[in-house]
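Structure record follows, encoded as structure tokens.
We number each residue from 1, following the sequence as shown. What you see is a predicted model, and the numbers here were worked out from it, not measured in a lab.
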Amino acid sequence: MRYFIKIYSIILISFLTISCKNEISPNIIKIVEPLKDYTRFYTFDTLPGVISKKLENKATINELELLIENYKNPYVKAIAIDILINKNEEIAFELFEKHINSNDSIVFRTECLRESILLPSYIFNSTIFSHKQSLKEQKENNKEKFFKILFNQENLNVDLVDELYLWLPNSEEYYKIIRENIVKNKSKKLLRALSSFKNKNDVELIKSFGQDSFIGIAYFNDDAFLKMFEKYISINKNWHYKFALNQYPKSKTKMIYLKIENYNKIKNNGY
């Protein structure tokens, strides 16, 4: 009988321990409650900072992980990510891989600007641009780790590659993966990433995207693309077209600007 009671007690304690590990305490839920309907981080909003300090002092590692895994609002997840990475740097890579295909996004707003990034991009930024000294010292190594995870996925997340293109390592391996993906899937979302390598062998491939080619030309302003501005002069008010043209020295685009001016005058009946 005593043996049975002892076994039963062990099983009960184990069950309660597992159950507790899968729960967030009411106190932590109450702390994050003000953020449940958040739709953006605003520059002058101090509430997220206040909640972050409270969570940092009161939430366990397990509770932070549960908030990231199960809480619906991505802004609560973002705050939990920052705290967790600050407490355990190595978990950043585990989080990145686990949420690499997450559809959650984080919106940042200022008085006049708006930017939206995917949750895995937020994890990347939270680590790479951390103010923590140890993370600053490992910035380049950590970037390599993130990109290794990203490019080792069976299905490349092209949206994430596009968001992180500015930080792409000059890697022949990653270049080949990006190029092969573009050739196979004709994905314009990878044009910025491909163009960042500035390989002249890609000129014709980029041109093949027609009007969308300006997405890549803006980051690879080779003279071989100049005739594209005349060919697609009818879309000269398009943002990507204008941004790409502006990347060239004025000495090379003076005649193009004159042709655009004349084209627009004719289109507007001489006005």
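Asp222 is linked by a side chain to side chain donor-acceptor pair (under 3.5 Å) to Lys200, counting only residues two or more places apart in sequence or in another chain. Here Asp159 pairs with Leu118, Asn157, Lys189 under the side chain to side chain contact (heavy atoms under 4.5 Å, CB included) rule; sequence neighbours left out. Annotation: side chain to side chain donor-acceptor pair (under 3.5 Å) contacts of Lys231 (sequence neighbours excluded): none. Residues forming a side chain to side chain contact (heavy atoms under 4.5 Å, CB included) with Glu65 (at least two apart in sequence, or on another chain): Ile61, Asn62, Leu84, Ile91.
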All N/O donor-acceptor pairs, side-chain side in residues 108-116, below 3.5 Å, sequence neighbours left out:
residue: Arg109; atom: NE; partner: Leu113; partner atom: O; Å: 3.4
residue: Thr110; atom: OG1; partner: Cys112; partner atom: N; Å: 3.4
residue: Thr110; atom: OG1; partner: Leu113; partner atom: N; Å: 2.9
residue: Glu111; atom: OE2; partner: Tyr42; partner atom: OH; Å: 2.5

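Under the 4.0 Å criterion applied to side-chain N and carboxylate O atoms, Glu33 and Lys30 are not assigned as salt-bridge partners. Using a 4.0 Å cut-off between a side-chain N of Lys or Arg and a carboxylate O of Asp or Glu, Glu140 and Lys143 qualify as a salt bridge.
Closest of all the heavy-atom pairs between Tyr165 and Ala193 is CB-CA, 3.9 Å. The heavy-atom pair separating Lys139 from Phe129 by the smallest distance is NZ-CE2, 3.9 Å. For Ile106 against Ala78, the heavy-atom pair with the smallest separation is CD1-CB, 4.0 Å. Between Asn181 and Ser187, the shortest heavy-atom distance links the atoms OD1-CB, 4.3 Å. In this structure, Thr39 and Tyr75 approach most closely via the heavy-atom pair O-OH, 2.8 Å. In this structure, Ile79 and Pro48 approach most closely via the heavy-atom pair CD1-O, 3.7 Å.
The main-chain N or O of Asn201 is found under 3.5 Å from a side-chain atom of Asn199 such that the two form a donor-acceptor pair. Within the 3.5 Å criterion, the main-chain N or O of Lys148 finds a donor-acceptor partner in the side chain of Asn152. Between the Glu63 side chain and the Thr60 main chain, a donor and an acceptor come within less than 3.5 Å of each other.
Linking Ile, Leu, Val, Met, Phe, Trp and Tyr whenever their side-chain heavy atoms come within less than 4.5 Å leaves Met228 and Met255 in two separate clusters.
For an aromatic pair to be called close, the ring centres must be under 6.0 Å apart, and Phe214 with Phe229 satisfies this. Aromatic pair Tyr232/Tyr241: ring centres not closer than 6.0 Å. Aromatic ring centres of Phe124 and Phe93 lie farther apart than the 6.0 Å criterion allows.
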Which is it for Glu204 and Lys207 under the salt bridge (charged side-chain N to carboxylate O under 4.0 Å, His left out) test, yes or no, and what are the steps along the way? CA-CA 5 Å; Glu204 294 305 317; Lys207 281 183 177 181; 3.7 Å; yes
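Within 6.0 Å of CG on Asn70 lie more than 12 heavy atoms contributed by other residues, nucleotides or ligands. Within 6.0 Å of NZ on Lys198 lie more than 12 heavy atoms contributed by other residues, nucleotides or ligands. For Lys250, the NZ atom sits in a packed shell: over 12 heavy atoms of surrounding residues, nucleotides or ligands are nearer than 6.0 Å. Lys136 NZ: more than 12 foreign heavy atoms inside a 6.0 Å radius. With a 6.0 Å radius and a threshold of 12 heavy atoms from other residues, nucleotides or ligands, Lys176 has its NZ atom at or below the threshold.
If you check the side chains of Tyr257 and Asn262, you find no donor sitting under 3.5 Å from an acceptor. Judged by distance alone, the side chains of Ser25 and Lys58 never bring a donor and an acceptor atom under 3.5 Å apart. At a cut-off of 3.5 Å, with distance as the only test, no side-chain donor of Asn73 or Asp37 sits close to an acceptor on the other residue.
Screening Lys145, Gln138, Glu137 against Asn141 for a side chain to side chain donor-acceptor pair (under 3.5 Å) leaves a single residue, Gln138.
Ring geometry, Phe225 versus Phe220: the interplanar angle exceeds 60°, so the pair is classed perpendicular (tilted spans 30 to 60°).
Sorted by first then second residue, the side chain to side chain donor-acceptor pair (under 3.5 Å) pairs that include residues 80-100, not counting sequence neighbours, are Glu69-Lys98, Asp82-Tyr122, Asp82-Ser126, Glu89-Lys132, Glu89-Ser134.
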